[in-house]
Number of protein chains: 2
Amino acid sequence: MICDDDSELALNRQLCFALYAASRAMTKAYQPMLQDLGITYPQYLVLMVLWEWASEDEEGPAESAGNSNDRSLGALGQRLMLDSGTLTPLLKRMQQHGLVERSRAPWDERVTLVAATSAGLALKPRAKQWVQKNLQGSNITRVEVKQLHGDLWQFLHKLDDTSPKEPTR
Amino acid sequence: MICDDDSELALNRQLCFALYAASRAMTKAYQPMLQDLGITYPQYLVLMVLWEWASEDEEGPAESAGNSNDRSLGALGQRLMLDSGTLTPLLKRMQQHGLVERSRAPWDERVTLVAATSAGLALKPRAKQWVQKNLQGSNITRVEVKQLHGDLWQFLHKLDDTSPKEPTR
DNA sequence: CACAATTTAATTGCGCACAATCTAAAATGC
DNA sequence: GCATTTTAGATTGTGCGCAATTAAATTGTG
């Protein structure tokens, strides 16, 4: 009997697929809310960062201490691990819908500053309400969410360590 | 003091993003292999199913007992949770590269049968080798993989229970 | 058998992802 | 001071995902 032993390959396949499927399932779970708000899932992720930036800038606009307050496209991209090829057209669409504002930094004409408009900020309470109503009441506990979130980040960091990684360039 | 309490929203945001980021990071981790094999990540997931089908059909081509052996586009779609809008063009591209074969079922002209060609099957040992070399030696243990995989599936199923779900249609 | 309802894919259109390339502004070096 | 290099985004092209529509084959029913 020939022992193929594809068990390793199978195990990896299962994780590949589980991540892939879970990510898309999450998008689908949010679909009703997103449709109501008139945005897409990646746009929602962008908005959540802009909401956070707005709160921070409101609390401490003096950017006291090491708070750099870089609200550029690049900073957004680092945060979401996305590049300009994805973000530029996405932000332009959101701008056309009046949700975000794009402007050039006066101190450096290369950088594009990004911020939520009042219309963009107005979506936050609606999103919050929907999440509370539709996900809190589900059978997914806060502990499970935290656990999964933690495991995913641990995994993410280990993947980074594994990846090629050019020598500091 | 106004207590906003966005903690719930923040927690959910973190999980949304962790899933989203981890899924894309997985794709990036496989990129060197995929480039070498000349395929994309979704195409790799498709191939893994076709490899499995080929093994099964080889072992028991008599489709004994309840083994239905449905190798249609629909069956593939159910397995990967993808619809024809995604799979049809993807499979056509793979067919052009000689990796899969598409044919109509003689007993029902509606269904498209899908199978890996010999060229498609030939990629399996190369993939297996790469996975063993590059992921086994990483600091991600088999236990962690199994744990994360299990958590993801549990989460997936609970998400399904949460989602709208039209009444059995 | 005719014909409506159902099923299975294919098609269309839009919005990401991401690699690769390009552009222009800013920083750097001599 | 000016050429060189670096940096931040924008652009281009390909390939997913997925909703919605369409088309064709099959099934069910009178």
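Throughout, protein chains are lettered first and strands after them, A, B, ... in sequence-line order, and every chain is numbered starting at 1.
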Roughly how far, to the nearest 0.5 Å, is the [atom2] atom of [Y] from the [atom1] atom of [X]?
X     : Y      : atom1 : atom2 : value
B:L87 : B:R102 : CG    : CZ    : 10.5 Å
A:T40 : A:L45  : OG1   : CG    : 8.5 Å
B:D57 : B:N69  : CG    : CG    : 5.0 Å

Salt bridge or not for B:R79 and B:E52, using N-O below 4.0 Å?
yes

Using a heavy-atom cut-off of 4.0 Å to chain B, what are the terminal contacting nucleotides of DNA chain C, in 5' to 3' order?
C:dT7 to C:dC18

Send over the distance from A:L87 CG to D:dG9 P, rounded to a whole Å.
10 Å

Integer-rounded Å distance: D:dA10 P and A:L91 CG:
8 Å

Aromatic rings [X] and [Y]: how do their planes relate, parallel, tilted or perpendicular, breaks at 30° and 60°?
X      : Y      : result
A:W51  : A:Y44  : perpendicular
A:Y20  : A:F17  : tilted
B:H157 : B:W153 : tilted

How does protein reach along nucleotides 16-25 of chain D, written 5' to 3' as B (base within reach of a heavy atom under 4.0 Å), S (only sugar-phosphate), or - (no contact)?
SBBB----BB

Is there a side-chain contact between A:L159 and B:M26 (heavy atoms, below 4.5 Å)?
yes

Inter-axis angle, terminal five-pair segments of the helix from C:dC1-D:dG30 to C:dC30-D:dG1 [nearest 10°]
0°

With side-chain contact (heavy atoms from CB on, under 4.5 Å) as the criterion, how do A:T112 and A:S103 come out once you've worked through the C-alpha distance, each side chain's angles and the decisive distance to 0.1 Å?
CA-CA 6 Å; A:T112 298; A:S103 59; over 6 Å; no

Between A:R13 and A:E8, is a salt bridge (Lys or Arg N to Asp or Glu O under 4.0 Å) present by the stated rule, with each step listed?
CA-CA 8 Å; A:R13 184 196 66 204; A:E8 286 302 345; over 6 Å; no

